[in-house]
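To start, the structure under review is shown below, and the notes come after it.
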Protein chains: 2
Amino acid sequence: MVRPRFAKLPPAQQQAILQAALDEFARHGFHDASLNRVIETAGISKGSMYYYFDGKAELYAHVASTQIGELFAQVGPPPQLDTGDADRFWSVIEDYYLRLMKALLASPQRAALFRGWATASKDPAFQRAQGELEQASVPWIEQAVAAGQRVDAVRKDLPASLLIAVVLGMGEAMDLWMLSQDPDDEGLPTVVGSLVSMIRGAVSA
Amino acid sequence: MVRPRFAKLPPAQQQAILQAALDEFARHGFHDASLNRVIETAGISKGSMYYYFDGKAELYAHVASTQIGELFAQVGPPPQLDTGDADRFWSVIEDYYLRLMKALLASPQRAALFRGWATASKDPAFQRAQGELEQASVPWIEQAVAAGQRVDAVRKDLPASLLIAVVLGMGEAMDLWMLSQDPDDEGLPTVVGSLVSMIRGAVSA
DNA sequence: CACCAGTCTAGACCGGTGGTCGAATTCGTC
DNA sequence: GACGAATTCGACCACCGGTCTAGACTGGTG
């Protein structure tokens with residue numbers, strides 16, 4: 001975790017550090033980002049950086065969770081999923097996915113940060129600090145799978161861990177593909193519709 | 001590419017280098033593997049290593065392509081896919097997938113090496129040297145998708161690049177999940193059957 | 001024999017990395 | 001002002017992948 005001391009810094013300096021870190025992580029991804037460049041850009045010394053953050057991974061985790069928070073603040077909380085039948089389930093998923101992607105495409109730097117997520121998630125140094133972030137995304141997917149099974153939208157003959165792993169893998173591949181295509185706002189709904197139809201095909205009963 | 005000089009080394013020393021590199025890459029993945037540890041284990045100097053290999057990426061590429069070669073020698077070449085209808089297509093896929101996974105589970109070190117592939121494929125230093133390896137896997141998937149479309153086993157309304165990206169993502173997630181489950185030989189066919197059914201659901205028409 | 005070009009090895013060295021640490025400085029409070 | 005805690009600083013550490021030079025060894029030639 002970020003150390004509590006950080007909150008006591010003048011907001012301007014907090015912002016300088018976070019902005020420098022966001023720039024660096026968005027541009028280079030987790031592993032190739034340089035802490036030395038961050039402290040140089042932010043105008044602080046290495047000692048200060050390690051006084052406020054336990055290390056590179058903690059800094060990344062803090063930046064990423066801040067960005068996630070802002071993204072959710074824009075898009076709104078995840079919707080209720082088990083309020084209808086299977087078709088309803090999937091159309092709610094598609095709608096929410098579409099809104100998320102729209103918001104993401106609207107802020108390229110944030111998109112670049114999340115694009116580097118896949119890389120970061122395989123880095124041992126990062127995985128130790130990932131706990132907090134994971135608890136914001138994986139449980140939601142777990143609940144979504146459970147809700148889908150409740151309304152007969154998701155098959156029940158496979159372990160939930162496998163369904164989740166596959167959905168995450170598909171999502172990652174789709175996100176990377178979409179971000180590399182840079183679709184306009186008109187084409188986006190069609191693309192998202194196709195992606196959700198693929199997920200539906202993979203996991204539905 | 002590996003330099004031709006390497007082939008002129010005494011086989012024992014070739015083996016020492018390749019074994020040390022395989023151990024290191026399998027244990028740590030591409031990025032976190034240390035060339036210094038490899039040369040120490042192999043008992044050669046850094047100068048010699050760079051005399052025989054252009055760098056870390058070339059060494060990894062050589063080790064990996066050797067392992068791929070041995071794997072294919074065990075399992076046999078990819079099968080002909082467009083010799084029947086859709087059901088035939090998918091059963092051939094499932095059969096081949098099953099044989100590949102069986103062979104992979106039989107040699108844990110090789111499995112660990114390939115598990116690190118995903119990590120490696122995102123490393124810029126690695127991508128430059130990936131050409132040779134890529135030409136052995138991606139084109140095969142492209143052909144498989146094209147063959148599947150020919151026999152109406154794969155939907156034609158989406159770009160091939162998306163289908164391939166999603167299938168690769170699913171495959172990666174499934175492989176990781178399977179290797180983490182460490183299934184016995186009895187359970188394997190069932191699991192592989194489920195996985196192929198998920199891929200089929202995602203990409204079929 | 002002497003000489004030489006080519007092959008090969010050793011390891012010092014380079015700029016970079018993330019991370020540590022003790023000293024110096026600033027700040028809050030008596 | 002004085003004292004202790006909070007904060008800042010940058011030198012320093014071990015390690016990384018990669019470069020480079022000095023020299024040992026080899027086989028061939030006059």
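Quick caveat: nothing in here was measured; it's all calculated off a predicted structure. Here is the naming used below: chain letters follow the sequence lines, and residue numbers restart at 1 for every chain.
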Using a strict cut-off of less than 4.0 Å between a Lys/Arg side-chain nitrogen and an Asp/Glu carboxylate oxygen, indicate whether Asp23(A) and Arg27(A) qualify as a salt bridge. no
Short N-O contact, Glu94(B) and Arg200(B), less than 4.0 angstrom: no
Each nucleotide of nucleotides 10-22 of chain C classed B (base within 4.0 Å of a protein heavy atom), S (only sugar-phosphate) or -, in 5' to 3' order, makes BB-----SBBBB-
Rounded to the Å, how far apart are [X] [atom1] and [N] [atom2]?
| X | N | atom1 | atom2 | value |
| --- | --- | --- | --- | --- |
| Lys8(A) | dC27(C) | NZ | C1' | 11 Å |
| Leu9(A) | dT26(C) | CG | C1' | 14 Å |
| Met49(B) | dT19(D) | CE | P | 14 Å |
| Tyr51(A) | dA6(D) | OH | P | 7 Å |
| His28(B) | dC15(D) | NE2 | P | 13 Å |
| Phe6(A) | dA6(D) | CZ | C1' | 17 Å |
| Glu58(B) | dG17(D) | CD | P | 15 Å |

Please determine whether a side-chain nitrogen or oxygen atom of Tyr52(B) lies at a distance below 4.0 Å from atom OP1 or OP2 of dT9(C). yes
Checking side chain to side chain donor-acceptor pair (under 3.5 Å) for the pair Ser194(A)/Arg155(B): CA distance, chi angles, key distance, verdict? CA-CA 11 Å; Ser194(A) 303; Arg155(B) 60 199 290 179; 5.2 Å; no
Can you see which heavy atom on His31(B) is nearest to which on Lys56(B), and at what distance? O-NZ, 3.0 Å
Quick one: closest heavy-atom pair of Ala42(B) and Ala16(B), and the distance? CB-O, 4.0 Å
Tell me, please, which residues at least two apart from Glu40(A) pass salt bridge (Lys or Arg N to Asp or Glu O under 4.0 Å). none
